[in-house]
Structure formats: C-alpha cells, structure tokens
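Residue numbers start from 1 in every chain, and the chains themselves are labelled A, B, ... in the order their sequence lines are given, proteins ahead of strands.
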Amino acid sequence: MTTEFKKETLEEFNEIVKRYPDKQAATIPALHLMQRDQGYITDEALEYIAGLLDLPVSTVHSTVTYYTMFYREEMGKYVIQVCSTLSCYILGSKNIVEHIEGRLGIKAGETTPDKKFSLIKVECLGACGTAPVIRINDDYHEDLTIEKVDEILDNLK
Amino acid sequence: MADIQRIVMANIVKDGYTGSIDDYRKEGGYTAIRKVLLEMKPDEVIEEVKTSGVRGRGGAGFPMGIKWGFVPKDSPKPRYFLNNADEGEPGTFKDRALMTHDPHMVLEGQIIGSFAIGCNVSYIYIRGEFYHEAKILERAIKEAEDAGFLGDNILGSGFNHRIYVHRGAGSYVCGEETGLIESLEGKRGWPRNKPPFPAIEGAFGCPTIVNNVETIANVPFIINNGGAAFAAIGVEKGTGTKIYGISGHVNKPGLYEFQMGITLKELIYEHAGGVRDDKKLKAVIPGGVSMPVLRADEIDVQMDFDSLVKVGSHLGSGGVIVMDETVCMVDALLNLSVFYAHESCGQCTPCREGMPWMKMIVDRIEHGNASEEDIDLLYDVACNIEGRTICAMGEAGAWPVKAFVTKFREEFVEHVKLGRCPYNK
C-alpha cells in the first residue's frame, strides 16, 4: 500500500486547497481523498498529508481521530452502516443489525475474514422519514425490511 | 398571500420538477438575485430579511436578519457565509430533500445572503454521509456558474462570488455553528467560547455568518415578495412556513411544509395519517431529539417557537418523532443516552463525563439493576450538565433526560420495582 496520492488525486487536492484562505482547511478533504483511494488512513498517510499541508503530524492526527467516518484500519469492501438512533430504532434497526450479524457471522464492529463486509452501527444518518435506514459505502438504502436487506446484500458482489 | 402553505418545498411538490436550473428558472428562480444585485444595496437586503422576521430553522430559532446585521460594516477583513447542511439532529431530514430536489433555491439564497454581508467566498458545510447530495450541489454550482449567477461580475453588478461544498466527516457537534467553523478550518469540531460571536470573528478569524439550509432557502421568496408578505404568513414571532419532518410510528412519515402554527395534532392525524396499526399514541418529540418530549395529551399545541415554549418544549428543527404505546420510554431514553455519550466532543467535563454517566444509569434502570434513588440521581446529573458547557450540547443531552423522567416517571419506577423492563418480551 502506498501512502501518497496518485497523480490525478494530487491534482484534485491541489485544486481543493485553492478554495481556502488557509491550507489547514483542506485537512478533511485530503483525508476523504486518501480514504477514497486507499480504503483507510495509515500513520504514513497522515505524515504525507501533514507534509502537503505544512502541518505537524500531531495536528492532522488530532483531526482524523475526532471524526467517525475516517477508518484507521482496513475495512471490508462494503462497509455496512446501520443507523441506530431513535426513529430507526423504534422501527426495527436492532433486528436489522442482528439479522446482518447472523448472515455474515460477525458482530457489529467487525469485518468478515474475507474482507468483503464490515458491519458498524452508526448514529443518526438524517433520513428518519424513511427509517429504518442503512448506508453501504456512500449509498443510502431506505424504508428497509429484512427481505430488502437480504436483497441488497445478495446483490453485492 | 396569507394562505400560502409552501415556500421552500413549493417547487418540489410539482409534478415533473427536477431541480435543474431550467426548471428552477421556469418557476421564477434567479429573479430575486437579479433584483438584489442590480437594484438593492446590501443594507436594504438585510432590512428586508429583518422585516420578514424569519428565524433560524436549524434549531436555535435566531432571527436571520438580525444575525446578518451583526457583521461589522467597517471591518477590512474578508467575510464568510457558511451554509449549515450538517443536518445531524436525530429526527431531522429536511435539508437533504431541499438540496437534492431544489438545490438552486438554496444557492440563490446563499448568494443573496453573501451579497448582503459583503462576502465573496461562501461554503456549504454538508455532513460527510451526504456524499451524493454534495455531488448534486456541485453540479448545481456548475450550472449556476455557466448561467452567470456565480463567478466574477455577476449579472454585470460588479459582485464576485464563489460557492464551495465542504464535506464533514461524522460528528454531531459540527452542526453547532462554532464547531462547524472549527471543522471547516480542518480541526476537531470543538465549539468555541462566545464572545466573540462568529459575526465578529468566525471562520479564519473573519466575520462569518452561519445559517441553516432551510432558513437560507426562504431568502428568494422574501426578496421577490417582500419581507412584509413573508411576515404575514404564520404567527407572530414565528413567521413564514416550516418543514415538519415526521418519523416514527405514523402511517405516512415524511416532510410536510405548512404555515407556522399548525397544530401537532393536525400534523400527525390529518397529514401523516395517524398512528400506525391503530395503536395508541404515547409520546411525541416535537423538534429533534434534544427537544423535550410531549405526552400524548399534550399534542394539541401549535408548532411554532413560542407555543412550544409554553408547553415546556421547543420547535428545534421541526423534526417530529412519534412513538406509540409499544415503546418503552426507558429504552427510548437509553437509545438517546447512547447517542449523546457517543457524540460529546470531549471538550467540557460536565458533558464528556456526564453523558456516559447518564447512559450508565438509564442502562441500569432499563435492565432492572437500579434503585428508585437512581431515577433522582439521573435527573440530578442532567441538571448539573445543563448550563455548564461551552455549547448547547449540554442542554441537548440534559433536556431529553429531564423530560422523559418527569413525564414518564411511572415507567421508570415500574422498571425499578419489577427489576426488569416490562416491555421486554
């Protein structure tokens, strides 16, 4: 695994930096780019980003560890995020978590040994009107039933 | 005018409306910006918005025009306008719909607000999970640039403006305006002490205005029709319309825009189809989970700022969560306590330590390992967090506890006496 941006990503990053009066503001966008390309953010990647932004590594470390969407270890190809906050909860999010746990043979917070799926419980995804809701990588799946969850997971290759 | 029920969702509900710039312009979009840039001075725009009385729709309800007026006229620094699209308050799902289905209304409001405060670069801070919504906004920004509504010398007015989309990365507290500013700057989303208020010293040390998406989307209407026309809609001190997002145990969950002042009862029973499966209503949270819960016998209340305060709650974001008789109120509070313990940013001790303590106590009660004194201890912890933190997260976590314990005390006592959750099948 490399820890540097590939050429196209570096170009994207250089465009993003110009949007802000202070380079540090490009920290979260840079972390998003790194995770998009590499799946998670290693210590070496943090050093690289700190270098690009002329920041101490500790400053970038402070930021990356604050936000729940940044992963510090390898995740599955599909990261299943089950919304667990009140509207989803009272409409059965617990059953969805238990069903997926049973189907994948892992607990929430774990990744399957073949690195295909990670399952995590997340706080409110902001789609309460169509609860219960899950998010797989960047995609929302709403108005779910157990049957629909199975159908969605069946289609993930 | 006074019978208008929809402003920000007026286009969205029309058949075939796609939210493209062409569709938006067919509905009269981007006429307000022409009027503002070619005929009005910034102060006149601020006055019009003040006249409208429009208050913040993100939760705090602060009047938008007054906020804009706080930006110092003589500051030599650049100014920043931040569109708060963090939408993190559980129960709230309205801004996502506006950004997805009518992004240009949001952009037009943002450009006008930026002009009013003399800002040339503004940002939309959108929660990280809304990846596709961020892409939709970026496409809309491109369309607006191509049409000459963004960029240099907009409509020949001499006003330059650019909008950038900035994604967050998962943090409830970043919806608080100074937490949002810290996050935009690339730091942990730790809210700042105030003063200085953002209008004086906000993003990058410069005067900054932060407004919620829905609030901003009202601006084109206010300019096109006049602040007085907007003020004629709704109720006194709760002018205009509001999107009410109804979720939970109703037959037709979703977004409903009405004049401020519609009753919660009418929203639930006449528009959202009533309670599912003909179950009995137990409780309703009227404005996102931080706002004190109401009992079933308290829902004959108008959904505006002042009316909800009179019954001990708040309008908040207008996110309504309906709970039927099958919901255990201790279990529901446990769910919320887990949320607040997880989302505390860790900066202030009462919140960082208090939220997990409340979670532990509620957990003990729910699982039958508590004494009746624990119920009072729980209430006491909440009282010791409230008012003792930098940002309103202290209140956000304390209010649900106080309201649940006060209004449903008998359920908490029952758990203690039975030594288990009576709802546990």
Tell me, do [X] and [Y] make a side-chain contact under 4.5 Å, heavy atoms counted?
{"X": "Glu123(A)", "Y": "Tyr340(B)", "value": "no"}
{"X": "Gln24(A)", "Y": "Glu185(B)", "value": "no"}
{"X": "Leu91(A)", "Y": "Arg276(B)", "value": "yes"}
{"X": "Leu334(B)", "Y": "Tyr89(A)", "value": "no"}
{"X": "Ile28(A)", "Y": "Ser183(B)", "value": "yes"}
{"X": "Val322(B)", "Y": "Ile90(A)", "value": "no"}
{"X": "Pro90(B)", "Y": "Leu86(A)", "value": "no"}

Considering residues, nucleotides and ligands other than [X], do more than 12 of their heavy atoms fall under 6.0 Å from its [atom1]?
{"X": "Lys94(A)", "atom1": "NZ", "value": "no"}
{"X": "Glu8(A)", "atom1": "CD", "value": "yes"}
{"X": "Lys77(B)", "atom1": "NZ", "value": "yes"}

If I compare all heavy atoms of [X] with all of [Y], which pair ends up nearest, and what's the gap?
{"X": "Gly126(A)", "Y": "Arg127(B)", "answer": "N-NH1, 3.6 Å"}
{"X": "Cys128(A)", "Y": "Ser247(B)", "answer": "O-CB, 3.2 Å"}
{"X": "His32(A)", "Y": "Ala169(B)", "answer": "NE2-CB, 4.0 Å"}

Can any side-chain N or O of His166(B) pair as donor or acceptor with the backbone N or O of Pro29(A) at less than 3.5 Å? no
Quick check: does any side chain N or O of Arg135(A) sit under 3.5 Å from a backbone N or O of Glu129(B), one acting as donor and the other as acceptor? yes
Side chain from CB out, backbone as N, CA, C, O: work out which of these in [X] comes under 4.5 Å of a heavy atom of chain B, or both, or neither.
{"X": "Arg19(A)", "value": "both"}
{"X": "Thr59(A)", "value": "neither"}
{"X": "Ala127(A)", "value": "both"}

Less than 6.0 angstrom from the centroid, inside 45 degrees of the normal: does Arg188(B) satisfy that with respect to the ring of Tyr67(A)? no
Check step by step if side-chain contact (heavy atoms from CB on, under 4.5 Å) holds for Tyr66(A) and Cys345(B). CA-CA 8 Å; Tyr66(A) 181 79; Cys345(B) 82; 3.2 Å; yes
Counting heavy-atom pairs closer than 4.5 Å to chain A, which one of [options] comes out on top?
{"options": "Glu87(B), His342(B), Lys187(B)", "answer": "Lys187(B)"}
{"options": "Cys174(B), Gly88(B), Gly91(B)", "answer": "Gly91(B)"}
{"options": "Gly189(B), Gly128(B), Ser171(B)", "answer": "Gly189(B)"}
{"options": "Asp331(B), Val250(B), Ile246(B)", "answer": "Asp331(B)"}
{"options": "Cys206(B), Gly248(B), Gly186(B)", "answer": "Gly186(B)"}

Starting from the C-alpha separation in whole Å, work towards a yes-or-no answer on side chain to side chain donor-acceptor pair (under 3.5 Å) for Asp139(A) and Tyr131(B). CA-CA 8 Å; Asp139(A) 302 326; Tyr131(B) 175 83; over 6 Å; no
Going from [atom1] on [X] to [atom2] on [Y], what distance comes out if it is rounded to the nearest 0.5 angstrom?
{"X": "Leu336(B)", "Y": "Cys124(A)", "atom1": "CG", "atom2": "SG", "result": "10.5 Å"}
{"X": "Ser87(A)", "Y": "Ile285(B)", "atom1": "OG", "atom2": "CD1", "result": "8.0 Å"}
{"X": "Lys135(B)", "Y": "Asp138(A)", "atom1": "NZ", "atom2": "CG", "result": "9.0 Å"}

Region of [X] that comes under 4.5 Å of a non-hydrogen atom in chain A:
{"X": "Phe204(B)", "result": "side chain"}
{"X": "Val165(B)", "result": "backbone"}
{"X": "Arg167(B)", "result": "both"}

Thr68(A)/Tyr172(B) under side-chain contact (heavy atoms from CB on, under 4.5 Å): CA gap, chis, key distance, verdict: CA-CA 10 Å; Thr68(A) 53; Tyr172(B) 171 63; over 6 Å; no
Which class fits the ring pair Tyr140(A) and Phe130(B): parallel under 30°, tilted 30 to 60°, perpendicular over 60°? tilted
For each of Ser62(A), Cys88(A), Ala131(A), Cys83(A), tally heavy-atom pairs with chain B at distances under 4.5 Å, and name the one with the top tally. Ser62(A)
Evaluate Tyr123(B) against Tyr20(A) for ring pair (Phe, Tyr, Trp, His ring centres under 6.0 Å), listing each step before the verdict. CA-CA 10 Å; Tyr123(B) 302 92; Tyr20(A) 308 101; 5.4 Å; yes
